[in-house]
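Below you'll find the structure, written out as structure tokens, and then a few comments.
Source: prediction; values computed, not measured.
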Amino acid sequence: MSKKIIGYEFKHSSYVVSQANQTDDAVIIKERIHYDDNTTAPNIRIIRNFQKPFYVVRDSYRTFKQKRAWIPLEWCREYKSNQRQLKDAAARALKAGTNGGMKIINRNPFIAGTDVSPQVLLKHKYRTKYPDLVTYNTTCHLDIETDMNTKERAINMVSVSMGDRLFQAVVQSFLGTIQNPVEKIMQKQEEEIIPLLLEGKLKKCWKKYCKENGVSEKDLPYEKWYQLNSVTLPVKRQDIKLETEVIVVSTPAKAVVETFKRVHEWKPDILSIWNLPFDLGNMTKALEKEGYDPKDIYCDPCIPRDLRYFNFREGAAKIEDANGKAESKDPWDRWHAVTAPSSFFWADQMSVRRFVRRHLSKEPSYSLGSILEKELGHGKLKGDDLTNSTGADWHRDMQANHKIFYCVYNQWDNLGAQQLDEATLDLCFTFPNQCQFSELQSYGSQGRKLGDDLYFFLLEQGFVLSGVSDQMETEMDKHSVSLEGWICTLAAHLIHHEMGRKVLTESEGVFTKIVKLVLDIDVKSSYPSTGVWMNIARDTIYRVMCSMAGIDFEQQRRAGINLPSGRVNAIDIGTTICNMPRPVEWMRSYERKIGYKREVA
């Protein structure tokens with residue numbers, strides 16, 4: 001009896017233009033098919049020339065000149081076009097020229113709905129039609145190693161893991177004259193990796209036991225739980241199954257090709273790499289050096305040739321502050337985007353960890369070993385009994401003298417990252433679900449995600465969101481408060497002397513200027529959250545304050561900072577901004593009213 005399809009779950013999508021002509025495009029969707037027997041199957045759906053709606057205000061309602069944030073749907077006429085021809089279709093609807101891009105056309109105040117992408121619209125269709133079809137994402141973890149003992153730094157191995165499957169391709173030149181390398185790698189894996197996988201399974205059982213029995217993990221540490229259950233452990237070594245395939249290839253490019261053959265066969269939802277630019281850059285370089293076109297390797301084999309495309313856009317390395325000063329961004333604070341239509345979305349697990357926890361302080365280190373140590377209690381394989389070297393010297397020594405161990409070290413980088421995600425759920429659940437209707441590529445942009453959510457919210461209210469142009473400022477904006485001059489710190493001599501910490505060993509009772517609790521109010525970091533909870537938008541504000549008569553910029557700036565803490569700063573705000581009498585003046589006025597005469601000393 002054949003299974004019946006009950007629905008489709010949207011996982012992610014890619015937008016590409018056809019290489020066959022100048023008009024066609026397509027959205028490639030990774031979906032999961034749900035059947036009536038509670039099973040699922042991965043699938044890739046190709047939708048060519050998806051017609052997205054956009055809206056133009058009817059002539060009878062064109063009574064305004066300034067661009068609005070949103071426009072009533074009843075004022076508009078709906079048009080449709082695929083994304084690639086949107087500019088021409090919008091220009092025809094407005095009876096305007098087609099010079100420039102969509103941001104030029106969006107200067108027109110009578111067009112709306114142009115910014116939402118076809119991927120977002122399709123994701124919304126899936127999510128609203130099948131709201132209950134939600135499963136964890138399947139994740140695949142990839143890692144490469146490069147030759148530290150040669151100038152070329154060529155790839156010497158690539159490995160991937162997914163669930164209980166692991167594949168590794170090792171370049172022959174790295175192995176040299178080692179006899180039976182595959183058998184030796186499998187033996188070393190049994191010695192080094194299987195015990196760690198067993199420990200990982202047992203720790204899951206320990207955490208489950210503590211949760212179900214209401215016991216604190218501090219009161220019942222893993223070591224104590226293990227001793228108490230050593231005879232009747234729920235998982236034994238023989239229960240650990242790791243389906244491993246290790247092959248030896250002739251060149252670095254062939255290692256990459258063979259690896260992606262397995263990834264395309266497994267069809268994961270997410271392909272995770274720790275520090276993605278390094279691995280992807282080296283793999284692409286190896287492919288191009290040997291005459292391979294990266295798009296033919298990275299794209300799924302089912303993608304037609306005219307839709308195959310590969311592009312890697314690194315996250316911005318610098319960011320400008322409010323005063324226009326450029327500051328470098330740490331690697332983990334950069335959100336990268338890879339476009340290559342396939343069953344999987346490329347994710348930098350290091351960046352995902354940081355972005356999911358942006359509301360928290362940065363961690364001391366974002367190396368994989370450090371994060372594994374923190375979350376799992378054990379880091380990377382170190383081979384402490386093999387060498388005393390550290391850093392780059394450790395890699396050189398291992399690659400030269402302990403090649404078999406180094407192959408297993410590479411395998412564990414994937415399996416450890418996999419265990420990490422099973423513990424934190426960052427990739428398989430948290431990050432994709434926080435995107436809501438937005439594309440996964442937009443996760444690094446709070447503004448883009450807010451725009452997507454607002455688009456659908458407004459549609460439900462009978463409005464459509466206007467598009468962003470290259471000239472969003474209006475004539476009156478030049479009169480508003482400047483964005484410069486807001487970065488300030490409290491001078492050390494103004495800090496109350498007892499707020500400092502007593503940290504001097506030789507003078508225990510002396511307060512210092514070292515403080516423990518520091519408050520940093522950063523408007524840029526609060527965007528767009530502040531605008532959401534305060535409902536701030538051009539169409540929700542009655543007036544925009546430009547200046548206060550008799551109040552200079554310094555006083556105005558302080559008021560802007562102090563108003564959120566009005567109960568604390570009420571007197572200062574009242575006397576400075578509202579021109580109220582100071583407490584002493586109130587007292588003198590009261591004394592005069594009751595006829596009290598203060599004695600002069």
(request) Report yes or no: does Asn180 contribute a side-chain atom to a donor-acceptor pair with the main-chain N or O of Glu183 at less than 3.5 Å? (result) no
(request) Assess the side chains of Ser161 and Gln411: does a donor N or O sit below 3.5 Å from an acceptor N or O? (result) no
(request) Using the six-membered ring of Tyr35, assess whether NZ or CZ of Lys3 lies under 6.0 Å from its centre and within 45 degrees of the ring axis. (result) yes
(message) Would Arg68 pass as a cation-pi partner of Phe463, given that its NZ or CZ must be under 6.0 Å from the six-membered ring centre and within 45 degrees of the axis?
(response) no
(request) Might you point out which heavy atoms bring Ile273 and Met283 nearest each other, and give the distance in Å? (result) CD1-CE, 4.4 Å
(message) To the nearest 0.5 Å, what is the distance between NZ on Lys295 and CD on Gln19?
(response) 7.0 Å
(request) Enter the distance from Asp333:CG to Glu327:CD here, rounded to the nearest 0.5 Å. (result) 11.5 Å
(request) Over all heavy atoms of both residues, which pair between Ile193 and Leu242 is shortest? Give the atoms and the distance, please. (result) CG2-CD2, 4.5 Å
(message) Are Phe344 and His264 an aromatic pair, judged by ring center distance below 6.0 Å?
(response) yes
(request) Could you label the plane-to-plane angle of the Trp335 and Tyr443 rings as parallel, tilted or perpendicular, counting under 30° as parallel and over 60° as perpendicular? (result) tilted
(request) Return the set of residues passing salt bridge (charged side-chain N to carboxylate O under 4.0 Å, His left out) with Glu314 (not counting sequence neighbours), or none when no residue passes. (result) Arg334
(message) Under a 4.0 Å threshold between the charged nitrogen and the carboxylate oxygen, would Glu265 count as salt-bridged to Lys261?
(response) no
(request) Give a yes or no on whether a salt bridge exists between Arg107 and Asp470, defined as a side-chain N under 4.0 angstrom from a carboxylate O. (result) yes
(message) Suppose we call two aromatic rings close when their centres sit under 6.0 Å apart. Are Phe431 and Phe355 close by that rule?
(response) no
(message) Check this for me, if you would: do Asp306 and Arg48 make a salt bridge, where the nitrogen-to-carboxylate-oxygen distance has to be below 4.0 angstrom?
(response) yes
(message) Between Thr139 and Gln418, is there a side-chain donor-acceptor contact under 3.5 Å, judged purely by atom types and distance?
(response) no
(message) Ring centroids only, cut at 6.0 angstrom: are Trp346 and Phe260 within range, meaning strictly under it?
(response) yes
(request) Please name the residue in the list Tyr61, Trp70, Phe110 that meets the ring pair (Phe, Tyr, Trp, His ring centres under 6.0 Å) test with Trp75. (result) Tyr61
(message) Looking at every heavy atom in both Tyr55 and Cys76, which two are closest together, and how far apart are they?
(response) CB-CB, 3.9 Å
(message) Would you compute the distance between atom CG of Asp452 and atom OG of Ser117 and round it to the nearest 0.5 angstrom?
(response) 6.0 Å
(message) Are His124 and Phe456, when compared by the centres of their aromatic rings, separated by less than 6.0 Å?
(response) yes
(message) Side chains of Asn156 and Thr146: any donor to acceptor distance under 3.5 Å?
(response) no
(request) Say whether His395 and Tyr406, considering side chains only, have a donor N or O and an acceptor N or O under 3.5 Å apart. (result) yes
(request) Indicate whether the side chain of Asn82 and that of Gln51 have a donor and an acceptor atom separated by less than 3.5 Å. (result) no
(request) Please determine if Lys30 forms a cation-pi arrangement with Phe345, meaning its NZ or CZ atom is less than 6.0 Å from the six-membered ring centre and no more than 45° off the ring axis. (result) no
(request) To the nearest 0.5 angstrom, please state how far the CG atom of Leu368 sits from the CH2 atom of Trp412. (result) 9.5 Å
